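One structure is given below, encoded as structure tokens.
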There are 2 protein chains.
Amino acid sequence: MMAAIDSIVNELARRNITPSHQRVMIMKYLVENQCHPTVDQIFSALRQQIPTLSKATVYNTLNVLAEAQLVRVLSIEDNETRYDITTETHGHFKCSSCGRIYNFAVDVDRFVSGELRDFRITEKNVYFSGICPTCLGKAEKEKRR
Amino acid sequence: MMAAIDSIVNELARRNITPSHQRVMIMKYLVENQCHPTVDQIFSALRQQIPTLSKATVYNTLNVLAEAQLVRVLSIEDNETRYDITTETHGHFKCSSCGRIYNFAVDVDRFVSGELRDFRITEKNVYFSGICPTCLGKAEKEKRR
DNA sequence: TTCTAAGCTTAGAATCATTATAATTTCATT
DNA sequence: AATGAAATTATAATGATTCTAAGCTTAGAA
């Protein structure tokens with residue numbers, strides 16, 4: 001899936017964000033790699049296409065995009081900020097074994113208790129962790145030996 | 001509310017954790033300050049009672065307690081690990097204005113979608129953020145001026 | 001096409017949260 | 001009281017993130 005540069009540029013321009021080459025490439029990366037990458041993953045990957053890319057630029061750009069609500073900042077674990085181009089509320093499951101992050105549908109509003117009635121909620125996150133089916137399957141195979 | 005040192009010592013001993021003075025005081029702090037404190041908050045507060053307390057000890061102790069499931073590690077935002085003595089699943093709401101964290105009841109099990117059927121879930125976290133009623137009230141008062 | 005001012009990027013320093021280390025102290029048992 | 005294991009300590013080290021100042025890029029005006 002190739003992200004249209006044009007639509008990215010338009011999206012940024014609509015929010016008064018200068019669509020510099022670096023910013024466009026960072027967004028393109030997020031669209032094409034919806035695996036909740038870390039700054040380091042984004043930086044390392046794009047370094048090959050933009051050899052002079054600075055890590056500070058990646059941090060700066062992600063902060064700008066987060067402020068514009070174009071990306072969502074995930075704090076599933078400390079010391080590991082991740083980014084998600086899908087901004088609609090959904091759950092994240094992190095496998096403790098392989099580290100992979102899975103999305104899952106979540107109807108958060110259905111179980112919010114009345115306690116938060118008088119709160120203005122601007123962001124909702126649901127994080128689960130445990131073992132994914134792939135790693136569970138591996139464990140089962142290990143057991144049978 | 002004064003936490004019984006005896007029950008803390010017993011709780012640690014039951015899990016084969018040496019109930020050293022520092023560990024007991026850290027747990028006591030968490031029981032008496034259920035405000036999801038950070039390491040720095042715990043360290044600063046206890047420094048007055050244990051002048052030689054080392055920050056590394058606080059980190060070590062919290063990690064040991066987390067592994068023993070006596071405390072829960074919260075990653076509501078990056079660069080801000082917090083700790084909770086209440087280990088049953090409940091939600092956390094962080095006010096973007098005052099920074100306070102509120103607990104709220106959450107029936108997470110009721111809405112886990114079929115997508116996670118084959119996953120082994122070991123931990124569930126629900127984090128919301130926004131503005132709390134106190135800060136909303138202040139904002140309203142500001143508006144009326 | 002050139003100029004301009006504002007904003008962006010860069011490279012590396014700085015900051016900060018957290019972990020590692022080795023020496024010392026404390027703990028629980030004998 | 002002695003002992004060995006574990007914990008604490010003080011500080012260095014690590015790694016994520018932010019800051020900084022200089023230079024570059026951008027978009028639009030001239």
Side-chain angles (χ1 to χ4, degrees), chain A residues 5-6 8-10 12-29 36-68 70-71 73-83 99, chain B residues 5-6 8-10 12-29 36-68 70-71 73-83 99:
Chain A
I5 300 269
D6 282 354
I8 291 174
V9 168
N10 286 342
L12 292 172
R14 280 188 337 109
R15 287 170 165 80
N16 261 330
I17 297 173
T18 303
S20 67
H21 177 65
Q22 290 86 344
R23 286 175 173 175
V24 168
M25 296 305 289
I26 288 168
M27 267 202 84
K28 182 170 184 289
Y29 181 85
H36 321 85
T38 62
V39 165
D40 202 64
Q41 287 171 327
I42 298 167
F43 177 64
S44 298
L46 290 182
R47 226 1 183 12
Q48 299 164 29
Q49 307 171 54
I50 313 175
T52 62
L53 184 66
S54 169
K55 200 166 199 185
T57 299
V58 181
Y59 274 104
N60 283 339
T61 297
L62 290 168
N63 287 337
V64 163
L65 297 179
E67 270 175 43
L70 281 167
V71 306
V73 182
L74 307 183
S75 297
I76 297 170
E77 270 173 28
D78 212 35
N79 286 348
E80 192 185 89
T81 305
R82 290 173 174 271
Y83 297 85
Chain B
I5 300 266
D6 282 353
I8 291 174
V9 169
N10 287 342
L12 292 173
R14 277 183 346 108
R15 286 171 165 79
N16 261 328
I17 297 172
T18 304
S20 67
H21 178 63
Q22 290 86 345
R23 285 176 173 175
V24 168
M25 296 306 288
I26 288 167
M27 267 203 84
K28 185 172 183 286
Y29 181 86
H36 321 85
T38 60
V39 165
D40 202 64
Q41 286 170 328
I42 298 166
F43 176 66
S44 299
L46 291 182
R47 222 13 184 1
Q48 300 165 29
Q49 304 170 56
I50 313 175
T52 62
L53 184 66
S54 172
K55 200 167 200 183
T57 300
V58 180
Y59 274 104
N60 284 337
T61 297
L62 291 167
N63 286 339
V64 163
L65 297 178
E67 269 175 43
L70 282 166
V71 306
V73 182
L74 307 183
S75 296
I76 298 170
E77 269 171 29
D78 213 34
N79 288 346
E80 194 184 270
T81 305
R82 291 172 173 271
Y83 298 85

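Because the structure is a prediction, the values reported are computed rather than measured. In what follows, chains are A, B, ... by sequence order, proteins preceding strands, each numbered from 1.
OP1 or OP2 of C/dT19 sits under 4.0 Å from a side-chain N or O of B/N63. Within the 4.0 Å cut-off from OP1 or OP2 of D/dT8, at least one side-chain nitrogen or oxygen of B/S20 is found. At the phosphate of C/dT9, neither OP1 nor OP2 sits under 4.0 Å from any side-chain N or O atom of A/S54. A sub-4.0 Å separation between OP1 or OP2 of C/dG7 and a side-chain N or O of A/R23 is absent. Residue A/T52 has a polar side-chain atom (N or O) positioned under 4.0 Å from OP1 or OP2 of C/dT10. Note on B/Q22: every side-chain N or O is 4.0 Å or more away from OP1 and OP2 of C/dT26.
For the pair A/L46 CG and C/dT10 C1', the computed distance is 16 Å after rounding to whole Å. Regarding B/N60, its CG atom lies at a distance of 17 Å from the P atom of C/dT26, rounded to whole Å. Spacing between atom CZ of B/F43 and atom P of C/dT18 amounts to 13 Å, rounded to whole angstrom units. Atom P of nucleotide C/dT18 and atom CD of B/Q41 are separated by 12 Å, given to the nearest angstrom. If you take OH of B/Y59 and P of C/dC16, they are 13 Å apart, rounded to a whole angstrom. Here the C1' atom of nucleotide C/dT29 and the CG atom of B/N16 are 14 Å apart, to the nearest Å. The CD-P distance, from B/E80 to C/dC16, rounds to 15 Å in whole Å. Residue B/L62 contributes atom CG, which lies 10 Å from atom P of C/dT19 at whole-angstrom precision.
Within 4.0 Å (heavy atoms only), A/T38 reaches no atom of the nucleic acid at all.
Comparing B/T81 and B/P19, the nucleotide of DNA chain C nearest to each residue sits closer to the 5' end for B/T81. Each of B/P51 and A/A56 lies near DNA chain D, and the nucleotide nearest B/P51 is the one positioned closer to the 5' end.
Partners of B/E77 under the salt bridge (Lys or Arg N to Asp or Glu O under 4.0 Å) rule, at least two apart in sequence or in another chain, are B/K94.
Closest non-hydrogen pair, B/R82 versus B/Q41, comes out as NH1-OE1, 4.0 Å. Nearest heavy-atom pair, A/L53 versus A/F43, reported as atom, atom and distance to 0.1 Å: O-CE1, 3.3 Å. Nearest heavy-atom pair across A/M27 and A/I8 is CB-CG2, 3.8 Å.
Across all strands shown, the partner of D/dA30 is C/dT1, judged by Watson-Crick or G-U wobble contacts whose two distances both fall under 3.5 Å.
For B/H21, the side-chain atoms get nearest to C/dC27 when compared with the rest of C/dC27, C/dT18, C/dT10. The side chain of A/K55 sits closest to D/dT17 out of D/dT17, C/dT10, D/dA7.
Taken from CG in A/L62 to OG1 in A/T81, the straight-line distance is 10.0 Å, to the nearest 0.5 Å.
Side-chain to base pairing of B/T18 with D/dA7: no donor and acceptor N or O lie closer than 3.5 Å to each other.
Using modelled atom types, one side-chain atom of A/R23 and one backbone atom of A/T18 make a donor-acceptor pair closer than 3.5 Å.
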